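What follows is one structure encoded as structure tokens, with my remarks underneath.
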Amino acid sequence: MDFRWDLVISSVPLLLQGAWLTIKLTTIAVFFGIILGTLAALLRLTKGPFRYLASIYVDFMRGTPLLVQIFIIYYGIPSITGGQISPSIVDIWPFIAAVIALSINSGAYVAEIVRAGIQAVEKGQSEAALSLGLTPAETMRHIILPQAFRHIVPPLGNEFIALLKDSSLVSAIALEELVRKGQIIVGRTFRPFEVYFVVAILYLIMTVTISRIVSILERRLRVGE
Amino acid sequence: MAIIEVNNLHKKFNQLHVLKGITTRIEQNEVVVVIGPSGSGKSTFLRCLNFLEIPTSGEIIFEGSVINPNENLNLIRREMGMVFQRFNLFPHMKVIDNITLAPKLVRNIQPDIAVEQGLNLLEKVNLSDKAESFPEQLSGGQQQRVAIARALAMRPKVMLFDEPTSALDPEMIGEVLDVMKSLANEGMTMIVVTHEMGFAREVSDRVIFMDDGLLIEENTPDELFNNPQHPRTQAFLSKIL
Ligand SMILES: Nc1ncnc2c1ncn2[C@@H]1O[C@H](COP(=O)(O)OP(=O)(O)OP(=O)(O)O)[C@@H](O)[C@H]1O
Ligand SMILES: [Mg+2]
């Protein structure tokens, strides 16, 4: 058995570049995912017709593979806009497509998390706020959402971790995130074991770090409960 | 002029007919106690008054004008304070912030003035030292007194109490009833659902007995307790007194 430690070490710098892109992609996608997801969750709680739109969005994103969604955005959007994308963004199109796909996918999961968080707040809370003369919107903003936030943080951390791992799927559109960088090194060295081993360790470091941050945040939020 | 008039109020939850035509008037400065068996509709009646439940039919007239459920109900609700069985303090806010939130947000009171008024109210309910505490750090009786102060901070014209002492340990009931008594003595118009018959006798001007969604009988506490007219009232009182 030979395990090429030298390869492990020499592949690290390039893989770290990939990991950095993975972190950027995931963070941006979770950021937009939280905005989209909160909007979708609030829409689902309204009485008007938009509630159905939000439901369709959530069901579609959760009911279809992320890889297909990535392809729809990456290949699909240029094809329906005349077969080409503007030269000014052609270089960064894979990145943009990946961010769009991951954001709208993540938004659907966040919507469910936010909805569950809102529903976990006791009904008496909104009744007390309404009885004081707050409008439904003020009640949501000052009473329900701050309390829902505490229920939302732990599953949101899980969503961040899941998305970080799922972001490896964008290697399929040649975006050089962590997995793609690994594939490139393997193509040169023909040593998949060592390379993917380092890839796995880098993912592990990132996910464990996120878990830690989330539990610290959770503990902070519990103060004054 | 009555401050609240209730005309033929009905409330259904789907098939369940909970209020079957309630008609009564609440006068300015009056203290009305509502009693009746569990499930008779006392809470629903109270919650219809500030439209936490939308009546199925009938009218609520507040200060001479009919409340329309399609208008801004928050304009009506701010005039009626409500105190709940389970306190419902906002757990993520300090006591003082619980009290000042609505005055600042709804009445546009300046923050420093809202705090000053809030501290006065806390003094009134004997909790001056708890302004900076969070609700979970307080006993049930203390939480309920904060809840009363929170409702009073909006300077409501009526206070609605839904079994304010039912969730309390016995030794804490007195401190909450004392606050309610002094409020009554100051002339606050109050509608109180309670099982505290001592409070009803001592403080109320009128007692309403409800059963099965109907207002069966209403009278002064003396008359209602000592000389109940309706057989259902007699049966209920014989069970609890
Ligand atoms: N939101 C609701 N949906 C369906 N049914 C309800 C709802 N609120 C109350 N009810 C029903 O209406 C009836 C009257 O309830 P209500 O709470 O007004 O009674 P109550 O006199 O306050 O009783 P208690 O003394 O137990 O508090 C009960 O049968 C109750 O189950
Ligand atoms: Mg009740």
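Order of the sequence lines sets the chain letters (A, B, ...), proteins ahead of strands, with each chain counted from 1. Remember, it's a predicted structure, so these values are computed and weren't measured experimentally.
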- May I ask you to decide if Leu105(B)'s main-chain N or O and His142(A)'s side chain share a donor-acceptor pair within less than 3.5 Å? no

- Under the side-chain contact (heavy atoms from CB on, under 4.5 Å) criterion, do Arg86(B) and Glu122(A) qualify, and how do the steps go? CA-CA 11 Å; Arg86(B) 312 250 355 257; Glu122(A) 248 182 88; 4.0 Å; yes

- Message: Please give me the minimum heavy-atom distance between His92(B) and Ile143(A), naming the atom from each residue.
- Response: CE1-O, 3.8 Å

- Message: How about NZ on Lys181(B), more than 12 heavy atoms from neighbouring residues, nucleotides or ligands closer than 6.0 Å, or not?
- Response: yes

- Under 4.5 Å to a heavy atom of chain A? For Leu160(B) that would be neither

- Task: Sort Arg150(B) into side chain, backbone, both or neither according to what part of it lies under 4.5 angstrom from a heavy atom of chain A.
- Result: both

- Task: Locate the shortest heavy-atom distance separating Leu134(A) from Ala102(B); write the atom from each residue and the value.
- Result: CD1-CB, 3.8 Å

- Task: With the side chain counted from C-beta on, respond yes when Arg77(B) and Leu130(A) share a heavy-atom pair under 4.5 Å apart, and no when they do not.
- Result: yes

- Would one find more than 12 heavy atoms of other residues, nucleotides or ligands at under 6.0 Å from atom CZ of Phe149(A)? no

- Message: Please rank Ile76(B), Leu89(B), Leu73(B) by heavy-atom pairs under 4.5 Å with chain A and give me the top one.
- Response: Leu89(B)

- Message: Please check if the number of heavy atoms outside Arg155(B) that lie under 6.0 Å from its CZ is greater than 12.
- Response: no

- Task: Without swapping roles, check the side chain of Asn50(B) against the backbone of Ser131(A) for a donor-acceptor pair under 3.5 Å.
- Result: no

- Message: Does atom CD (Glu123(B)) have a neighbourhood of more than 12 heavy atoms from anything else shown, all under 6.0 Å?
- Response: no

- Which atom of Phe84(B) lies closest to which atom of Ala128(A), heavy atoms considered: CE1-CA, 3.7 Å

- Task: Mind checking the CZ-CG spacing from Phe90(B) to Leu132(A)? Nearest 0.5 Å is all I need.
- Result: 5.5 Å

- Min side-chain heavy-atom separation Asn72(B)-Thr135(A) under 4.5 Å: no

- Task: Step through the shown structure and confirm whether more than 12 heavy atoms of other residues, nucleotides or ligands are within 6.0 Å of OH on Tyr52(A).
- Result: no

- Taking everything shown except Phe32(A) itself, do over 12 heavy atoms lie less than 6.0 Å from its CZ? no

- Shortest non-hydrogen pair, Val106(B) vs Glu138(A), comes out as CG2-OE1, 4.4 Å

- Portion of Met154(B) that has a non-hydrogen atom of chain A nearer than 4.5 angstrom: side chain

